[in-house]
2 protein chains.
Amino acid sequence: MMSVKRKLTGQTKAHMEARAGVMKALAHPSRLFIVDELSHGERCVCELTEMVGADISTVSKHLSVLKRAGIVLDDKRGVQVFYRLRVPCILNFFGCVEAVLEESNRCDVEEVS
Amino acid sequence: MMSVKRKLTGQTKAHMEARAGVMKALAHPSRLFIVDELSHGERCVCELTEMVGADISTVSKHLSVLKRAGIVLDDKRGVQVFYRLRVPCILNFFGCVEAVLEESNRCDVEEVS
DNA sequence: CCGTTATTTGGCGACTTCGCCAAATAATAG
DNA sequence: CTATTATTTGGCGAAGTCGCCAAATAACGG
């Protein structure tokens, strides 16, 4: 039997690129904040804009990034557009991210001393 | 009682930036591939380089990004450096990412038709 | 010490992301 | 139709990311 070492080509590559697309959408503080906030229920763009404290066009673009990645859904009602999480399991990420951060802090302190 | 709407400032902002740091480290196809591979056990830089199919300096930099984010640990043994996952719960991410991707594909098809 | 192998670091051009402003679009009231 | 409010889109400069090459560093055998 020949070596079965998996390589980052073809289907595997496409798969990793797809995953990276989702991660990229989550790789921004404002977008993480929005996801966190949406975990408590739907919010309109103007509410999120006030909370994030950036230009409304900036927030709108962040939301469109999350939407294109498949993380949120939008729902236009009258003049307003409400966003909500499409895949709530996204929230499970944060527990692990916190674990990474706690480990990091502990070790950073150790390593610096 | 005044409004308690949370804003993206101060401590909350710092917290989201810290989280985003971890997500950014995972937001690249080669790095996701590496994490996936390390879930099967430790690997040296040269093994990963062969699998990823990029310049060894590129792979080394990817590993240093993962290390600085607190996701992997390195262990130098002789001439080689072996990397391994520090926080295996990272793997839980992928299940949810797949869920996002499946939803996306389904809806993309629907929306295009 | 010298050569070899494994890895990291510096640096550069190509490309992407970010946030604001201004302008376009959409829904609704009057 | 006009004005108003909510949101999206286009565009631009600033900043960050990426991958390669070349050079530096590290471990080890002889």
Side-chain angles (χ1 to χ4, degrees), chain A residues 5 7-9 13 16-35 37-38 42-69 71-84 111, chain B residues 5 7-9 13 16-35 37-38 42-69 71-84 111:
Chain A
K5 198 172 278 187
K7 289 207 180 180
L8 186 50
T9 58
K13 188 174 177 187
M16 292 301 152
E17 281 167 358
R19 282 184 178 179
V22 177
M23 302 305 284
K24 274 183 196 174
L26 291 169
H28 188 286
S30 299
R31 295 197 289 268
L32 285 176
F33 177 80
I34 289 170
V35 167
E37 183 59 25
L38 294 183
E42 64 176 19
R43 299 282 187 273
C44 70
V45 180
C46 54
E47 282 178 296
L48 293 170
T49 296
E50 191 199 334
M51 301 175 84
V52 169
D55 193 278
I56 188 173
S57 69
T58 301
V59 173
S60 175
K61 280 178 184 172
H62 281 313
L63 287 164
S64 104
V65 168
L66 290 171
K67 182 181 165 185
R68 207 162 340 137
I71 295 166
V72 302
L73 287 173
D74 61 338
D75 180 18
K76 184 157 197 168
R77 296 207 291 275
V79 204
Q80 293 177 309
V81 179
F82 290 86
Y83 282 85
R84 65 178 188 278
E111 283 158 14
Chain B
K5 197 172 276 184
K7 290 206 178 178
L8 187 50
T9 57
K13 188 175 178 187
M16 293 300 152
E17 281 167 357
R19 282 184 179 179
V22 177
M23 302 305 285
K24 274 184 196 175
L26 292 168
H28 188 286
S30 299
R31 295 196 290 266
L32 286 176
F33 177 80
I34 289 170
V35 167
E37 182 59 26
L38 294 184
E42 64 175 19
R43 299 283 185 272
C44 70
V45 180
C46 54
E47 282 178 296
L48 294 170
T49 296
E50 191 199 334
M51 300 175 84
V52 170
D55 193 277
I56 188 173
S57 68
T58 301
V59 173
S60 174
K61 280 179 184 172
H62 281 314
L63 287 164
S64 103
V65 168
L66 291 171
K67 182 181 166 187
R68 209 163 339 137
I71 295 166
V72 303
L73 286 174
D74 62 337
D75 181 17
K76 185 158 198 167
R77 296 208 290 276
V79 203
Q80 293 178 309
V81 179
F82 290 86
Y83 282 85
R84 64 178 189 280
E111 283 157 15

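So that the names make sense, note that chain A is the first sequence line, chain B the second, and so on, each numbered from 1.
For the pair D75(B) CG and dA26(D) P, the computed distance is 17 Å after rounding to whole Å. To the nearest angstrom, C1' of dT7(C) lies 14 Å from CD1 of I34(B). With rounding to whole Å, D74(A) atom CG is found 10 Å from dT9(D) atom P. Nucleotide dG19(D) holds its P atom 14 Å from the CZ atom of F33(B), rounded to whole Å. The nearest whole Å value for the distance from the CG atom in L66(B) to the P atom in dT7(C) is 16 Å. One can place CD of E17(B) at 16 Å from C1' of dT17(C), the figure rounded to the nearest angstrom. As rounded to whole Å, 8 Å separates atom C1' of dG11(C) from atom NZ of K61(B). The nearest whole Å value for the distance from the NE2 atom in H28(B) to the P atom in dG16(D) is 18 Å.
Scanning both residues, K13(A) and L8(A), for their nearest heavy atoms gives CA-CD1, 3.7 Å. In terms of heavy atoms, Y83(B) sits closest to L38(B) at O-CD2, 3.4 Å.
Proximity of I34(A) to V52(A): side-chain heavy atoms (C-beta onward) are separated by under 4.5 Å at one or more points. Residues L26(A) and L32(A) meet the side-chain proximity criterion, which asks for heavy atoms closer than 4.5 Å. No side-chain heavy atom of R43(B) sits less than 4.5 Å from a side-chain heavy atom of F82(B). Between D74(A) and K67(A) there is a side-chain heavy-atom pair separated by less than 4.5 Å.
Contact annotation: side chain of K24(B) to base of dG16(D), donor-acceptor pair absent below 3.5 Å.
A salt bridge does not link E37(A) to K7(B): none of the charged side-chain nitrogens sits closer than 4.0 Å to a carboxylate oxygen. Contact check on R77(B) versus D75(B) returns a salt bridge, with a Lys/Arg side-chain nitrogen under 4.0 Å from an Asp/Glu carboxylate oxygen.
In this structure, R19(A) contributes its side chain and H28(B) its backbone to no donor-acceptor pair below 3.5 Å.
Closest approach to the H62(A) side chain among dT8(C), dG19(C), dT8(D) is made by dG19(C) (side chain taken as heavy atoms from C-beta onward).
Of the residues in residues 49-56 of chain B, those lying under 4.0 Å from DNA chain C by heavy-atom distance are I56(B).
When the side-chain nitrogen and oxygen atoms of T58(B) are compared with OP1 and OP2 of dG19(D), none of them lie within a distance under 4.0 Å.
Within the nucleic acid shown, S57(B) comes within 4.0 Å of at least one base atom, counting heavy atoms only. Contacts of Y83(A) with the nucleic acid, taken as non-hydrogen atoms under 4.0 Å apart, involve only primed sugar atoms and P, OP1 or OP2.
Each of R31(A) and S64(B) was assigned the nucleotide of DNA chain C with the nearest heavy atom; the assignment lying further toward the 5' end belongs to S64(B).
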Output a table of nitrogen or oxygen pairs between the protein and nucleotides 27-30 of chain C separated by less than 3.5 Å.
none

